[in-house]
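Note sheet for the following structure.
Chain naming here is simple, since letters A, B, ... match the order of the sequence lines and numbering starts at 1 in each.
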2 protein chains.
Amino acid sequence: MDSARRVTIKEVARRAGVSYQTVSKLLNGQVQLAPATEARIFEAVRELNYRPLYSARSLRSQRSRTLGYSWTPTPPDQANQILDTLLQSMLHAAEAEDYHLLCFPHHADATRQLDSYIRLYETGRVDGFILSSVEYDDPRVIHLLGRGVPFVAFGRSSAGLEFPCIDVDGGLGLQMAVQHLLALGHRRIAALAWPEASRVGENRLSGYLRAMREAGIEPRPEWVRRGEGRVAFGAQAAAELLDLPAEIRPSALVALNDPMAIGAVRTALRRGLRVGQDLAVTGFDDTPLAHYLQPSLTSLRQPIWEIGQRLICQMTDMLKGGRPPEPACSLLAPELVVRESTVPGTQGRPEDLIL
Amino acid sequence: MDSARRVTIKEVARRAGVSYQTVSKLLNGQVQLAPATEARIFEAVRELNYRPLYSARSLRSQRSRTLGYSWTPTPPDQANQILDTLLQSMLHAAEAEDYHLLCFPHHADATRQLDSYIRLYETGRVDGFILSSVEYDDPRVIHLLGRGVPFVAFGRSSAGLEFPCIDVDGGLGLQMAVQHLLALGHRRIAALAWPEASRVGENRLSGYLRAMREAGIEPRPEWVRRGEGRVAFGAQAAAELLDLPAEIRPSALVALNDPMAIGAVRTALRRGLRVGQDLAVTGFDDTPLAHYLQPSLTSLRQPIWEIGQRLICQMTDMLKGGRPPEPACSLLAPELVVRESTVPGTQGRPEDLIL
DNA sequence: AACGTTCGCGCGAACGTTCGCATTCAGTAT
DNA sequence: ATACTGAATGCGAACGTTCGCGCGAACGTT
C-alpha cells in the first residue's frame, strides 16, 4: 500500500518519448519546444501526476525558494491583530512568487536567536529573511549585513545601518490627523507623545509639528505632552491640557498611539465633555478595539496587507536580480479611519459594544 | 567575495583523516567511534564551521523534517490572540524535535486549498500537517486520510471520521465553572448556549447539565437559553432570565463564550445589579479583553501552549514510529480564571481599563 | 553549393548527502 | 594455528533534479 513509488522525471520522459532533461527544461520554461512534443510532455505529466521533488531541485539549483520569518511573541493578555494579517499577506505574496515561508521560534537570548538565523541560512534551508520588530542597532541586522545574507525589514533601524526596509510613514499619518482636525475647524490642537528617545515617536511627532506650521499655527510648548504610551498617562495628560486657560485650551488632540487616546477620551467623558465636539481625539494603530469603543475612536491604520506584499516582493526581487541589498526604504502611508471621536454619529456597532 | 565555497562533508573528512561516510554516520549518531577519531571529526567540523546541506540530506533520506500549517485568517477587526501563542508553542516544540514549520496561505476555495496540501506533500516539502479549525466532514481530513498523509488536528471532526487530534474538553470546562459557582453558594444557575446544531456547543452544555445534576439540582428548561454567541444575544437572554419569578430567577449564569457573558454583564449593570454578587457571570475562551473589562470577567482559558506542544509531539511521534495514524484524541482541560464577575474585588488593572 | 544561424533536443556531469553492505582488525574461543 | 566474533571504518551506489554544452537538422543567405 505504501509501495506507491515516486513518479520521477525520467518516467515522464520515457512516456513522452524525449530525454528527461528536455522535460526538466520545458517545465522550467528554459526552452521552446515543438508544439507536438510540448503537448506530449504535458500530457505525460498529467497522466502520471508528476510532481518534481523539492529536495532534488533545491540540491541541484542551490536555491530553496524559501524565506525565514521569526517574530517576538505578544504577551498573552494582549492580542496582536497585526501578526495574523501580516503573515497571511506575506504567505499570499510568497505563493504568487512561488516562494514559501519557513517560520522559526523566537528566543529571548540574542545569541541563540542569531544562531537560528545563521543556521537556517548556512544549511541552505532559506534564501533570505524577513525581519520585523527591528530595534536600534539590531544584532540581527548587523550580522546578516556582515555575512551578506539577504533580508528585508519591517521597520527602520538607526541611521548608521543601511538596509532594505519597509516602514509606515508615521509623520505623514499625524499630518493627516492634524489636517483632518484643522478641516473640522479646530485650531488649538495638542499632542500626546512619547519620550524623546523614541525614533518612531519623534518621527510621528514631526508630522504634527509640520502640519500645524503649514497651517500657520505655531504649536505651543504646553500642547506637547510626553510620557509612556499607556491609558493612564493619556488620561492624566488630557486632564492637564483641559485645565489650561480657555484661550490656549486645546479643542482637539492627537495621540501617538491608541491607549493614550483612549485615556484622553475617558478623561473627557468624566468631565462631561462631548467627545468629538468639545474635544476631538485621534489615536494611532487602529486597535481592533477602536471600532467597538463608545465613542468609537478615529485612528490611523497601518496598511499591513500591503506591507506584507512589499516585504516579500522586495525580497524576491533582490533574489532574482542577485543584486546587492539596496538600502532603499519604502515608506507607506497609513490610512485615517474617521470615527465618532472626531465626527460624532459617524458609525459604530452599538449592539456589539463592549461595555 | 561571494566565492565563499560551501564546506562539504568531504572536506571535513579529509581534515579528520577518515572517510566522509564515517563523518556522516557520526553526526547522525548511527555509529560508535573510537574516542580519538570522534574528537578529530568534531574538531574538524568546528574549525571548518561545517553545516550539512539541508536539500542533500532531504534528498537522500527522503524526509523533509518539516510540517505544514495553514489557518483560516481572522477578520481584521477582531484580534486572534490564539494564533500567536499557538504558533510560538508549535515552533518551539518543533525545534526541540529538530523539525520546522512551513506556513502556507489560506484559500477560501476548498479545491484550491486542498491542492496546496497535496502539492506540498507530493513534492516532498513536508512530512505531514497540523490542521486547525477542523469542520464537520472537513474535506482536508477526508482527502488526507484517504491518501495516507500524516496529520494531527486541533479539534475533533464528526463521529464518522477517526483521526489523531487534540481538543479542549469544553464539557469539563463548564463543569468547573458551575462547580465554582456552586461553591460560592449559587443554586439557581442558568446557561447561555448556542443552537443545538453546534457540536462544540452541545459538548460544553453537557458539562453544565452534568455538574448541576451531580449537585442534586435539576436544571430547569427556562435556564437554558440558546442563540447566536454574540454580545447582543447575551444581553437579551440575561434580561429574560432576570425577569423570571424570584423563586426561579438565576443568581448566576454560565455563558458558552465571552461575548455572551459580556452582554449579560452589561444587562446586569444597566439594571443596577452588582455583578459578582447579585449576578455572577462566567465566560469561555478568556478573550484578552476579559482581563481589562470593568468588572473583569471570570472565564475558561484554553491551554493553547500545551495544545501546540502536543500537536507537534504527536505528529513527530507518528513520523518516528511510521505507525499508521492512531485515531486517539487527547482532551485537555481548560483553566478556570477567576475574576471579578464571580468574586468581586479579585483583581484588575483599573488604571489601564478600557472605558 | 557552401556557409552561418537558429531551433529542437540530447548527453554527461554534477549537487552533497545517506544507505546498505563489505572490509579490516583486534581479541577471544576452539 | 584456525575459526569466530564484534567493533571500527570504508566503499560504491543511489536520491531526482538542473546545468552547461554540444550536435544534428532545417532554414535562409551569400
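Here B/R57 contributes atom CZ and B/N28 contributes atom CG; the two are 5.0 Å apart, rounded to the nearest 0.5 Å.
In this structure the side chain of B/M318 never reaches within 4.5 angstrom of the side chain of B/F151, judged on heavy atoms. Taking 4.5 Å as the limit, every side-chain heavy atom of A/Y117 sits out of range of all side-chain heavy atoms of A/V149.
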List the protein contact pattern of nucleotides 18-23 of chain D with one symbol per nucleotide (5' to 3'): B for base contact, S for sugar-phosphate-only contact, - for none; contact means a heavy-atom distance under 4.0 Å.
BBBB--
For DNA chain D, the dot-bracket notation using Watson-Crick and G-U wobble pairs below 3.5 Å, [ ] for pseudoknot-type crossings and | for other-strand pairs, is ||||||||||||||||||||||||||||||
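Each side-chain hydrogen bond (donor to acceptor under 3.5 Å, both in side chains) pair with one or both residues in residues 61-70 of chain A, not counting sequence neighbours, appears once here: A/Y54-A/T66, A/S64-A/D127, A/T66-B/R125, A/Y69-A/S132, A/S70-A/Q113.
A straight line from CZ of B/R40 to C1' of D/dA8 spans 12 Å, rounded to a whole angstrom. Atom-to-atom, CD of A/E122 to P of C/dT17 comes out at 13 Å; the value is rounded to the nearest Å. Remark: C1' of C/dA13 and NZ of A/K10 are 12 Å apart, rounded to the nearest angstrom. In this structure, the CZ atom of A/R125 is 15 Å from the C1' atom of C/dT17, given to the nearest Å.
For B/H106 and A/H92, the distance between ring centers is not under 6.0 angstrom.
Residues satisfying the ring pair (Phe, Tyr, Trp, His ring centres under 6.0 Å) criterion with B/H143, sequence neighbours excluded, are absent altogether. For B/I82, the side-chain contact (heavy atoms from CB on, under 4.5 Å) partners are B/N80, B/L86, B/I304, not counting sequence neighbours. Contacts of A/Y20 classified as ring pair (Phe, Tyr, Trp, His ring centres under 6.0 Å), with partners at least two apart in sequence or in another chain: none.
Nucleic acid contact for A/T37: sugar-phosphate only, since backbone atoms but no base atoms lie under 4.0 Å from a heavy atom of the residue. Nucleic acid contact for B/L59: base, since at least one base atom lies under 4.0 Å from a heavy atom of the residue. Residue-level contact check: A/L53 touches the backbone only, with heavy atoms under 4.0 Å from sugar-phosphate atoms and none from bases.
Close to D/dT9, at under 4.0 Å from its OP1 or OP2, lies no side-chain N or O of B/S19.
A salt bridge between B/D115 and B/R112 is absent, with no side-chain N of the basic residue lying under 4.0 Å from a carboxylate O of the acidic one.
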